[in-house]
Number of protein chains: 2
Amino acid sequence: MSDHEQRHTPTPPGHSGDALPPVEQHAQQYEAVRNAHETELIEDYVELIGDLIRHRGEARAADIANRMAVSQATVSKMIRRLNELGLVTSKPYRSLFLTEEGQKMAQTSRARHDVVLHFLRALGVDDSTARIDAEGMEHHVSDETLTIMQRFTEQQRTP
Amino acid sequence: MSDHEQRHTPTPPGHSGDALPPVEQHAQQYEAVRNAHETELIEDYVELIGDLIRHRGEARAADIANRMAVSQATVSKMIRRLNELGLVTSKPYRSLFLTEEGQKMAQTSRARHDVVLHFLRALGVDDSTARIDAEGMEHHVSDETLTIMQRFTEQQRTP
DNA sequence: GATAATTGTTAGCCAAGGCTAAACTGTTTG
DNA sequence: CAAACAGTTTAGCCTTGGCTAACAATTATC
Ligand SMILES: [Mn+2]
Ligand SMILES: [Mn+2]
Ligand SMILES: [Mn+2]
Ligand SMILES: [Mn+2]
């Protein structure tokens, strides 16, 4: 088994900082991160497609490729996946549409993204930095933290 | 080229929310996230190895596997990679050590991790949630944001 | 309307990061 | 000290998410 850890060096001397969390809790941290990574890119695609439709009227693969700084082949392949997942509909050589489910995901992702972005700005982070940080952070923020961020942002607005 | 976006639908009607950022800036967001993902796991391994050595006196592959909730084969493979990257030294069937460079990375990663964790707690996030969120967020927080988080945490401590 | 330019697709390659199964080594214990 | 057990490594498999090169379709231009 894995209760090996405990036995050898009960409390090594001269170490600073917090203790290690219990194994199960520690494991849960990394598992949560791996789970987030599984859906992260899909959420970003769906969110971007939604944004392109809202702001530009349509979402084309080339625009996605440019905005993501990725090759068109990569986008094409991902679109097939989104299709199989039931998140977008697409006819060959035509622009993209979100399914019901895709629209729901886009809306959720965008809301979350906005909360994080506005929070960072409220904290005093420069806009372009806030955008970069938010793009990554958004996928690792729990509902609990999200709520607290939102509350904080609102408080800053009305002091 | 890719200035296609501008031409077709100048300003589609009835959309809410912020405008899309310029293409180059938008692309930079996603690129930054991809870059972070490249080093993320390596940082987590090195940080954990450092923590195990500090708290337990040694770092063994089985402990890493347990704490990461990953198979021992996965750990073994990753250790070879860390070796090739000059971050750890290891003799077969023996426990692990960090190189100079590995120690530097462990220290930096841990410091960053702590700032994020303490910040979340100062914000009012529950400890176990804060730990989960911090594990993912830490890799997507810029130095600028990190500094601001640290300042915020200190202010909370001395009101 | 023919040709050029742009956009989209397909095929095939690669690295990262998981896994299981099997073999091997080191340690503990009867 | 031999056997059993625990820990480590290796081999081989899979999925994701990138890429380039070649080809196909659409759209723009003359
Ligand atoms: Mn987003
Ligand atoms: Mn994102
Ligand atoms: Mn960390
Ligand atoms: Mn981490």
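We name chains A, B, ... by the order of the sequence lines, and we start the count at 1 in each one.
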Is there any protein nitrogen or oxygen under 3.5 Å from a nitrogen or oxygen in nucleotides 10-12 of chain D, and what are the pairs?
unit_1: dT10(D); atom_1: OP2; unit_2: Arg80(B); atom_2: NH1; d: 3.3

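Within 4.0 Å (heavy atoms only), Ile79(A) reaches no atom of the nucleic acid at all. Within the 4.0 angstrom heavy-atom criterion, no nucleotide atom of any strand lies near Val75(B).
Partners of Phe97(B) under the side-chain contact (heavy atoms from CB on, under 4.5 Å) rule, at least two apart in sequence or in another chain, are Thr89(B), Ser95(B). With sequence neighbours excluded, the residues that form a ring-ring contact (aromatic ring centres under 6.0 Å, His included) with His26(A) are Tyr30(A). Scored by the side-chain contact (heavy atoms from CB on, under 4.5 Å) test, Ile132(A) finds Gln28(B), Gln29(B), Ala32(B) as partners (sequence neighbours excluded).
Cluster note: Leu117(B) groups with no other residue, as no ILVMFWY side-chain heavy atom lies under 4.5 Å from it. Here Tyr93(B) is tied to no hydrophobic group at all, with no ILVMFWY side chain closer than 4.5 Å.
For residues 86-98 of chain A, proximity to DNA chain D is found at Tyr93(A), Arg94(A), defined as any non-hydrogen atom under 4.0 angstrom from a strand atom.
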Please tabulate, for side-chain N and O atoms in residues 38-53 of chain A, each donor-acceptor pair with protein atoms closer than 3.5 Å (sequence neighbours left out).
unit_1: Thr39(A); atom_1: OG1; unit_2: Ala36(A); atom_2: O; d: 3.3
unit_1: Glu40(A); atom_1: OE2; unit_2: His37(B); atom_2: NE2; d: 3.3
unit_1: Glu43(A); atom_1: OE1; unit_2: His139(A); atom_2: ND1; d: 3.2
unit_1: Asp44(A); atom_1: OD1; unit_2: His139(A); atom_2: NE2; d: 3.1
unit_1: Asp44(A); atom_1: OD2; unit_2: His139(A); atom_2: NE2; d: 3.4
unit_1: Glu47(A); atom_1: OE2; unit_2: His113(A); atom_2: ND1; d: 3.0
unit_1: Asp51(A); atom_1: OD1; unit_2: Arg54(A); atom_2: NH2; d: 3.1

Contacts table for residues 144-158 of chain B: side-chain donor-acceptor under 3.5 angstrom, sequence neighbours left out:
unit_1: Glu144(B); atom_1: OE1; unit_2: Thr129(A); atom_2: OG1; d: 2.7
unit_1: Glu144(B); atom_1: OE2; unit_2: Asp126(A); atom_2: N; d: 2.8
unit_1: Thr145(B); atom_1: OG1; unit_2: Asp133(A); atom_2: OD2; d: 2.5
unit_1: Thr145(B); atom_1: OG1; unit_2: Ser142(B); atom_2: OG; d: 3.0
unit_1: Thr147(B); atom_1: OG1; unit_2: Asp143(B); atom_2: O; d: 2.9
unit_1: Thr153(B); atom_1: OG1; unit_2: Met149(B); atom_2: O; d: 2.9
unit_1: Thr158(B); atom_1: OG1; unit_2: Glu154(B); atom_2: O; d: 3.2

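As a whole-Å value, the separation of Ile64(B) CD1 from dG18(C) P is 13 Å. The nearest whole Å value for the distance from the CD atom in Glu40(A) to the P atom in dA16(C) is 19 Å. Rounded to an integer number of Å, the gap from Asn35(B) CG to dG17(D) P is 16 Å.
With salt bridges taken as basic N to acidic carboxylate O contacts below 4.0 Å, one links Arg110(B) and Asp114(B).
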